[in-house]
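Okay, so here's the structure we're looking at.
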Amino acid sequence: MHDKYNPRDIEAKHYERWRDLGCFAPAGDGTPYCIMIPPPNVTGTLHMGHAFQDTIMDALTRYHRMRGHNTLWQYGTDHAGIATQMVVERQLNAAGKTRHDLGRDAFVDAVWEWKAKSGGAISKQLAALGGSVDWDTERFTMDDALSAAVTKVFVDLYREGLIYRGKRLVNWDPVLRTALSDLEVLSEDENGHLWRFAYPLTDGSGELIVATTRPETMLGDTAVAVHPDDERYRHLIGKTVRLPLAERAIPIIADDYVDPEFGTGCVKITPAHDFNDYEMGQRHALPMINILAPDATLNDAVPAAYRNLDRYDARKQVVADLDAAGLLRGIDEHRMTVPRGDRSQAVVEPYLTDQWYVRIEPLAKPAIAAVENGDIRFVPKNWSKTYFDWMHNIQDWCISRQLWWGHRIPAWYDADGNHYVGHDETETRAFNGLKDDVELTRDNDVLDTWFSSGLWPFSTLGWPSETERLATFYPTNVLVTGFDIIFFWVARMIMLGLKFTGEVPFREVYIHGLIRDQDGQKMSKSKGNVLDPLDLIRGIDLDSLLEKRLTGLMQPHLAPKIEAATRKQFPDGIPAYGCDALRFTFAQLATTGRDIRFELGRIEGNRNFCNKLWNAARYVHMATTEPVAADPEPGIAERWILSRLNRTIGDVHRHFGQYRLDLAAQALYDFVWHAYCDWYLELAKATLTSEAMSDGARAAAQATLTSVLDAALRLLHPLMPFVTEEIWLSFGDRSTADETVMRAEFPIEDPTKIDPAAEADMDWLTGFTLGVRQIRGEMNISPGKFVPVLLDDAAAGDRERVARLGPLLTRIARLERVEFHDDGELPMAATALLGEMKIRVPLAGLIDLAAERARLTKQLTKTASDLGKVRGKLDNPNFVANAPSDVVERERARLATLEQASADLDAQIRRLD
RNA sequence: GGGCGAUUAGCUCAGGGGUAGAGCGCCACGUUGACAUCGUGGAGGUCGGUGGUUCGAAACCACCAUCGCCCACCA
């Protein structure tokens, strides 16, 4: 082994080998364990959020695989309808073309080509992350089999009356020219205006003043509404006003929806372009006048002067014309929520079109029940509240999209516009009794991407065929995802899973936080704060990093700022931290229900942790090259480290079971660094090199060094697959081709190895050592120098331990000799307390009296403070009467200890005078 | 307008009714036969505020403040 841990040297080779060995495929007859990957967009790349999520899934997968479970991490990608279509359209636009120039078939071919070209990027990234997905069963949402599942679900739902076609107001994206579901619309507060216009009464008796944020829609008004109890307007209800510009008469109606306090108390009603007005229009049977074309220009339903104007140009024109007509009565600044499409960022229009909908309530009910009754458990559980809130208010789901890339809706129309649904045209004709001479044309629309992702947990396993994979792995165990797609995806999988398989798609939903930058900002290209997981793994020089961050900016004027910030944070680029350090960092940060600030200090510390493990292994190699042939006689150190190991094993299992990878990582870090390396390795050195030790003790130390390291490697493997494999293979006779730590058994806690006696001995030994070290540190005694100690007030137990643990103690504490002081004059010495015993390091002539006094005084101050608190408690009769007796006993014992320590410290300080 | 979460060391975060923790950073010392990507010692916090419950609150409850997120039809 090289003397430095270098992740670049070791990571690539193991992944290929694992793949060749078939380690990623399900195997064995153990309990099935299955995780479905949330399918990334097929033409995308993995960002930090993916890397984080994949680390969690891979750790869980490797953990269960090592426990002997028949484990499948199902991989695949999503066709990502709008997102992918937009990417390819942008490429066409850059070449001066549009998708309409190509036509539908050629465009879809172009998307497939793009998929073929770029679709492998994610696989490579996932491999670099060590993701142990089953590559052999990779799926894509537009695979033939998955598409067939989509069609079947659509047809079945339709024939059951759960899918219908209807003309309704939908969210219309005028840039993408497609309908969107409610979820794809994001509302943001923006500055706007509130205009007031006068609508004259047709009988000439006056006017009504309406307030609106969207003047252009007045051309589609079909009523003015007031509150039925509004004294100002009650007498006008039923009369009509003349709609200016359009020059139509429209009624004044009364509706509770109107808030008399807002604006003027008069609302113009445009049923075809506002969701509230739409409902009011239905209540009052108002006409609906659609005034927009699909691109949000005004159509022929408006007077000629406004036709073909963009909605915002029309707005200006309407305001100007009303002003010219003397009907503009005021403009106020107004803060309002503006709906925008989540992909295009275009302002979305409520728009009257024919679309396909899923009748959702019959599906939602069992999906709510499944979480209520515990068939599905959210982790952390408070997310179930978010789920319930949405599910209880859920609206019918608009599933048709006016796109070309996606699953085409299996519906056909005859010449009269009647629609027929079926698996294909032939089946549709047969099912509906349509003769061959009836001409059918297929629906042009495709399905919402989430319709097919909603089937992912079972369509990937072969459904609707009753495959063995489906029987084995469905329902899956856990879904690992972010809260941002609980509605988009999690809820739909639950609804569709229950509907079509009769079972929940997964038992648990583990919701993790969002990865943000070190300042808590969302990572985004425009902020210039994006970190690429691969750059953290392999490193990147400053110039390359700058190039990545600065090219292709949507807002080039931000470039100087981004460049300055990047140069400041990464003056030398980013070093290669390695995959294992990155993964361990993700694990450490994987606390539940909280966003994560990604900190480079952490990953550097964890790279150092890998190095620590690496060097510990190097020592173990060195220390075991010449095996001592003797029956092992484990000493205190051996019993102690095994005790600590088995406690750690128990902790790790518990933490994995509760998805607390942060605690698992912490427990392992602490064990490896602060137990195994800091103490056991040093004690083992003492055992192996001390003349006083038997061959049996040496043999036990060698065996324990190896076995504990071996266990630690297996425990760490799910979090740090590469370095653990590299080290693991370097031990023993693991030259055979199919050895891998991936298939080694995950350690199981052995309660018989928990050894309180050894732990107590080690507490004494470490306490002794720390006392001596503190004196060294404070007295500036070289760490390497062996010092004599004089023990005062040693109890029988102390004497026994000195005798028994002496060889370890003198080495670990670097003691020249240990003597007991029974009576007579004490030399000048620095003192540490261990229980009642005083450990004195004689410092004849060398002692810095002031320093020693300061040191002891500090301890005394602390002791006195603690003593005060303990006395306060015990002097409180209520405490003694009400607190549990073991607590009272503990406090009494502590009181005694502190009093003793206080007296001893006081005496020591006085001795210095 | 509803709902959720956060507030603990300089920074990033664990913890949890009875001695306040980690990593990084900081200070001092140090080439102890794995590791300077290291070792040893040290400094640093009345756990956001107020009130309540309790023998005991940093932890539980209520309210408040600040920050963040989600949902919602006020023109």
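The analysis underlying the following values was restricted to heavy atoms, covering all of them including side chains, and did not include hydrogens, waters or symmetry mates. By convention in this document, chain letters (A, B, ...) are assigned in the order of the sequence lines, proteins followed by strands, and residues within each chain are numbered from 1.
In this structure, of C74(B), G18(B), C38(B), it is C74(B) that holds the atom nearest to the side chain of Phe262(A). In the set U37(B), U12(B), C29(B), the nucleotide with an atom closest to the side chain of Lys4(A) is U37(B). Of all nucleotides listed (C55(B), C35(B), U19(B)), U19(B) comes nearest to the side chain of Lys873(A). The side chain of Leu770(A) lies closest to G41(B) when the candidates are G41(B), G18(B), A22(B). When distances are taken from the side chain of Phe487(A) to each of U40(B), C38(B), C71(B), the shortest belongs to C71(B). Which of U37(B), U12(B), G33(B) sits closest to the side chain of Thr689(A) comes down to G33(B). Closest approach to the Asp259(A) side chain among C74(B), U37(B), A34(B) is made by C74(B) (side chain taken as heavy atoms from C-beta onward). Comparing A75(B), G15(B), A34(B) by their closest approach to the side chain of Arg660(A) singles out G15(B). Nearest to the side-chain atoms of Ala883(A) among the listed nucleotides A14(B), C55(B), U12(B) stands C55(B).
Across all strands, Thr212(A) comes closer than 4.0 Å only to sugar-phosphate atoms, never to a base (heavy-atom distances). As judged by a 4.0 angstrom heavy-atom cut-off over every strand, Cys677(A) is placed among the base-contacting residues. Across all strands shown, Lys268(A) has no heavy atoms under 4.0 Å from either base or sugar-phosphate atoms. In this structure, Trp673(A) reaches the sugar-phosphate backbone alone: every heavy-atom distance under 4.0 Å involves primed, P, OP1 or OP2 atoms, never a base. In this structure, Lys858(A) reaches the sugar-phosphate backbone alone: every heavy-atom distance under 4.0 Å involves primed, P, OP1 or OP2 atoms, never a base. In this structure, Tyr257(A) reaches the bases: a heavy-atom distance under 4.0 Å links it to at least one base atom across the strands shown. Among the heavy atoms of the strands lying under 4.0 Å from Arg814(A) is at least one base atom, whether or not backbone atoms are also near. Within the nucleic acid shown, Glu682(A) comes within 4.0 Å of at least one base atom, counting heavy atoms only. Here Gln666(A) lies in heavy-atom contact (under 4.0 Å) with sugar-phosphate atoms only. Across all strands, Arg214(A) comes closer than 4.0 Å to no nucleic acid atom at all (heavy-atom distances). Residue contacts shown for Arg196(A) are absent, as no nucleic acid heavy atom lies under 4.0 Å away. His674(A) comes within 4.0 angstrom of sugar-phosphate atoms only, judged by non-hydrogen atoms across all strands, and of no base. Using a 4.0 Å heavy-atom distance criterion, Pro884(A) is classed as a base contact. Residue contacts shown for Arg597(A) are limited to sugar-phosphate atoms, with no base heavy atom under 4.0 Å away.
Between Arg214(A) and Glu216(A) there is a salt bridge, with a side-chain nitrogen of the basic residue lying less than 4.0 Å from a carboxylate oxygen of the acidic one. Using a cut-off of 4.0 Å between Lys/Arg side-chain N and Asp/Glu carboxylate O, Asp3(A) and Arg618(A) are scored as not salt-bridged.
Of the side-chain N and O atoms in Thr591(A), one or more sit less than 4.0 angstrom from OP1 or OP2 of A14(B). Side-chain N/O atoms of Lys612(A) include one lying less than 4.0 angstrom from OP1 or OP2 on G39(B). Distances shorter than 4.0 Å separate none of the side-chain N or O atoms of His392(A) from OP1 or OP2 on C71(B).
Distance check on atom P: C38(B) versus U32(B) gives 16 Å, rounded to whole Å. Rounded to the nearest Å, the gap between the C1' atom of G44(B) and that of G10(B) is 9 Å. The separation of C61(B) from A22(B), taken at their C1' atoms, amounts to 30 Å, rounded to a whole angstrom. Comparing the P positions of C67(B) and U46(B) gives a spacing of 24 Å, expressed to the nearest Å. Taking atom P on both C74(B) and A6(B), the two are 28 Å apart, rounded to the nearest angstrom. Taking atom C1' in both U50(B) and U66(B), one finds a spacing of 15 Å when rounded to whole Å. Nucleotides C13(B) and G3(B) have their P atoms positioned 27 Å apart, rounded to a whole Å.
In this structure, the CD atom of Glu188(A) is 11 Å from the P atom of C71(B), given to the nearest Å. One can place CE of Met336(A) at 20 Å from P of G1(B), the figure rounded to the nearest angstrom. The CD atom of Glu279(A) sits 10 Å away from the P atom of C73(B) (whole-angstrom rounding). Rounded to a whole Å, the CD atom of Gln588(A) is 10 Å from the C1' atom of C13(B). Computed from coordinates, the Glu261(A) CD to G1(B) C1' distance equals 16 Å when rounded to whole Å. If you take CZ of Arg516(A) and C1' of C11(B), they are 18 Å apart, rounded to a whole angstrom. Atom CG in Asn780(A) sits about 13 Å away from atom P in G42(B), given to the nearest Å. Separating the CG atom of Leu681(A) from the P atom of G39(B) is a distance of 12 Å, rounded to the nearest angstrom.
Side-chain N/O atoms of Asp221(A) and Tyr199(A) include a donor and acceptor closer than 3.5 Å. Residues Gln702(A) and Glu626(A) bring no donor and acceptor atom of their side chains to less than 3.5 Å of each other. Asn276(A) and Tyr257(A) are linked by a side-chain donor-acceptor pair at a separation below 3.5 angstrom, with hydrogens and angles left out of the test.
Between the base of C4(B) and the side chain of Lys385(A) there is no donor-acceptor pair shorter than 3.5 Å. Judged by atom type and distance alone, Arg607(A) reaches the base of U37(B) through a side-chain donor-acceptor pair under 3.5 Å. For Glu778(A) against A28(B), no side-chain N or O and base N or O form a donor-acceptor pair under 3.5 Å.
Checked against the 6.0 Å centroid criterion, the rings of Phe586(A) and Phe598(A) qualify as a close aromatic pair. Ring centroids of Trp383(A) and Phe378(A) are separated by 6.0 Å or more, keeping the two rings apart. Annotation: His621(A) is in aromatic contact with Phe731(A) [ring centroid separation under 6.0 Å].
Using the Watson-Crick or G-U wobble rule with both distances under 3.5 Å, A43(B) pairs with nothing in any strand shown. Base pairing of G1(B) is made with C71(B), judged by Watson-Crick or G-U wobble geometry with both donor-acceptor distances under 3.5 Å. The partner of G18(B), taking Watson-Crick or G-U wobble pairs whose two distances both stay under 3.5 Å, is C55(B). A 3.5 Å limit on both hydrogen-bonding distances identifies G30(B) as the Watson-Crick or G-U partner of C38(B). Summarising the base pairing, C24(B) is matched to G10(B) through a Watson-Crick or G-U wobble pair whose two defining distances lie under 3.5 Å.
Comparing Gly777(A) and Trp383(A) along RNA chain B, the residue whose closest nucleotide (by nearest heavy atom) sits nearer the 5' end is Trp383(A). In this structure, Glu604(A) and Asn882(A) both approach RNA chain B, and ranking their closest nucleotides by distance from the 5' end singles out Glu604(A).
Phe609(A) pairs with exactly one of Tyr577(A), Trp614(A), Tyr669(A), Tyr5(A) by the ring-ring contact (aromatic ring centres under 6.0 Å, His included) rule, that one being Tyr669(A).
Once rounded to the nearest 0.5 Å, the distance linking CD of Glu726(A) with CG of Leu713(A) reads 11.0 Å.
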